[in-house]
Asker: 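Have a look at this one before I ask anything.
In what follows, residues are counted from 1 in the order of the sequence shown.
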Amino acid sequence: MGRIHHIPPAAQRLMTTRAAYPAFVALQTRWSDNDEYGHMNNAAYYQLFDTAVSNWQQDNGLIIRGPNATRFVVVENGCKYHRETGYPHPLQIGLRIPHIGRSSVRFDLGLFQDDQDTPCATGFFAMVHVGDTGQSAPLPDPVRAIFQRLATPA
């Protein structure tokens, strides 16, 4: 990738250092993550972000599958690419939550390679809690308390 000469203000807010993330999930890249150009395909970043959020939720006591699951649907996501990465690099995904709403939560994510202090990519996942009917439902207090662990100012 070429050098980034101008980073828009919205991207500057997302491009932060490791210190901005209160939690990390380690994930290993796979051979299939790379594309014909030898770097990680753009769709793989979203899979890694989604897996990191799911793993963090499970590691923190949220049931995300089965009859007692706390169900969320992703309503918006995005990714900003800062430099290449790919197989065979192990990665660390930084997580923070800048917003918890009545029924929604937004995760900001940073994808870090090796011991680098700045991310290869930054992204976000906005999710809405849904009840059994599939409609938006208020976050239960225990779920809100779990999300508070990652709450950071936007």
Asker: Linking I/L/V/M/F/W/Y whenever their side-chain heavy atoms sit closer than 4.5 Å, directly or via other members, would Met127 and Ile100 fall into one cluster?
Answerer: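 Result: yes, single cluster for both.
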
Asker: Linking I/L/V/M/F/W/Y whenever any side-chain heavy atoms sit under 4.5 Å apart, do Trp56 and Val128 land together?
Answerer: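 The answer is no; the residues belong to distinct hydrophobic clusters.
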
Asker: Which label fits Tyr46 and Phe125: parallel for a plane angle under 30°, tilted from 30 to 60°, or perpendicular past 60°?
Answerer: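 Tyr46 and Phe125: tilted rings.
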
Asker: Where the side chain of Gln28 meets the backbone of Pro88, is there a donor-acceptor pair that is under 3.5 Å apart?
Answerer: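 Here the side-chain-to-backbone pair exists.
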
Asker: Compare every heavy atom of Ile64 with every heavy atom of Ala69, then report the nearest pair and how far apart it is.
Answerer: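 What the structure gives for the nearest pair is CB-C, 3.6 Å.
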
Asker: Decide whether Gln116 and Arg83 meet the rule of one side-chain donor and one side-chain acceptor closer than 3.5 Å.
Answerer: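 Yes - a donor-acceptor pair under 3.5 Å links their side chains.
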
Asker: Looking only at heavy atoms, which two atoms of Arg102 and Ser136 are closest? And how far apart?
Answerer: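 Where Arg102 meets Ser136 most closely, the heavy atoms are NH2-OG, 3.5 Å.
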
Asker: Please report the interatomic distance CZ(Phe107) to OH(Tyr21), rounded to the nearest 0.5 Å.
Answerer: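 Answer rounded to 0.5 Å: 13.0 Å.
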
Asker: Would you compute the distance between atom CZ of Phe112 and atom OG1 of Thr118 and round it to the nearest 0.5 angstrom?
Answerer: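 Phe112 atom CZ to Thr118 atom OG1 measures 7.5 Å (nearest 0.5 Å).
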
Asker: State whether the number of non-hydrogen atoms from other residues, nucleotides or ligands found under 6.0 Å of Asp115 atom CG is greater than 12.
Answerer: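 It does not: Asp115 CG has 12 such atoms or fewer within range.
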
Asker: Give the intermediate values and the outcome of side chain to side chain contact (heavy atoms under 4.5 Å, CB included) for residues Met40 and Leu48.
Answerer: CA-CA 11 Å; Met40 194 159 62; Leu48 288 165; 3.7 Å; yes

Asker: Is there a path of hydrophobic side-chain contacts, each under 4.5 Å between heavy atoms of I/L/V/M/F/W/Y residues, joining Phe147 to Val73?
Answerer: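 No: no chain of side-chain contacts under 4.5 Å links Val73 to Phe147.
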
Asker: For residues Ala137 and Gly131, report the shortest heavy-atom separation together with the two atoms involved.
Answerer: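 Distance-wise, the nearest heavy atoms are CB-N, 3.7 Å.
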
Asker: Looking at CZ of Arg71 and CZ of Arg65, how far apart are the two atoms once the value is rounded to the nearest 0.5 Å?
Answerer: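 Arg71 CZ to Arg65 CZ: 12.0 Å, rounded to 0.5 Å.
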
Asker: Supply the atom-to-atom distance Cys120 SG to His39 NE2, rounded to the nearest 0.5 angstrom.
Answerer: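 Here the rounded value is 12.0 Å.
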
Asker: Which heavy-atom pair separates Gln47 from Arg30 by the least distance, and what is that distance?
Answerer: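 Closest heavy-atom pair between Gln47 and Arg30: OE1-NH2, 3.3 Å.
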
Asker: Calculate, to the nearest 0.5 Å, the distance between atoms CG and CG belonging to Asp35 and Asn41 respectively.
Answerer: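 The CG atom of Asn41 is 5.0 Å from CG of Asp35, to the nearest 0.5 Å.
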
Asker: Minimum heavy-atom separation for Pro140 and His129, please, with both atom names.
Answerer: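 Where Pro140 meets His129 most closely, the heavy atoms are CD-CE1, 3.8 Å.
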
Asker: Nearest heavy-atom pair of Arg18 and Phe24: which atoms, and what distance?
Answerer: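 Taking every non-hydrogen atom into account, O-CZ, 3.6 Å.
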
Asker: Tell me whether Val143 is reachable from Val130 by hopping between hydrophobic residues (I, L, V, M, F, W, Y) whose side-chain heavy atoms are closer than 4.5 Å.
Answerer: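 As far as the 4.5 Å side-chain criterion goes, Val143 and Val130 are not connected within one cluster.
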
Asker: Hey, could you give me the CZ/CG distance between Arg96 and Asp108, rounded to the nearest 0.5 Å?
Answerer: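 Going from CZ on Arg96 over to CG on Asp108, the span is 5.0 Å.
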
Asker: Evaluate the criterion side chain to side chain contact (heavy atoms under 4.5 Å, CB included) for residue pair Val53 and Leu95; output intermediate values, then yes/no.
Answerer: CA-CA 8 Å; Val53 169; Leu95 296 97; 4.1 Å; yes

Asker: Which residue is it: Leu91, Thr122, Leu27? I am looking for the one with a side chain to side chain contact (heavy atoms under 4.5 Å, CB included) to Leu111.
Answerer: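 Between Leu111 and the candidates, side chain to side chain contact (heavy atoms under 4.5 Å, CB included) is satisfied uniquely by Leu91.
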
Asker: Between Asp33 and Ala44 (side chain of the first, backbone of the second, donor and acceptor by atom type, cut-off under 3.5 Å), is there such a pair?
Answerer: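 Answer holds: no.
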
Asker: For Tyr81 and Tyr45, I'd like to know if the aromatic rings sit close, meaning centre-to-centre distance below 6.0 Å.
Answerer: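 Centroid separation for Tyr81 and Tyr45: below 6.0 Å.
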
Asker: Is it the case that atom CG in Asp117 sees more than 12 heavy atoms from other parts of the structure closer than 6.0 Å?
Answerer: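 Enclosed.
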
Asker: Are Ile63 and Val105 co-members of a hydrophobic cluster defined by side-chain heavy atoms under 4.5 Å apart?
Answerer: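 As far as the 4.5 Å side-chain criterion goes, Ile63 and Val105 are not connected within one cluster.
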
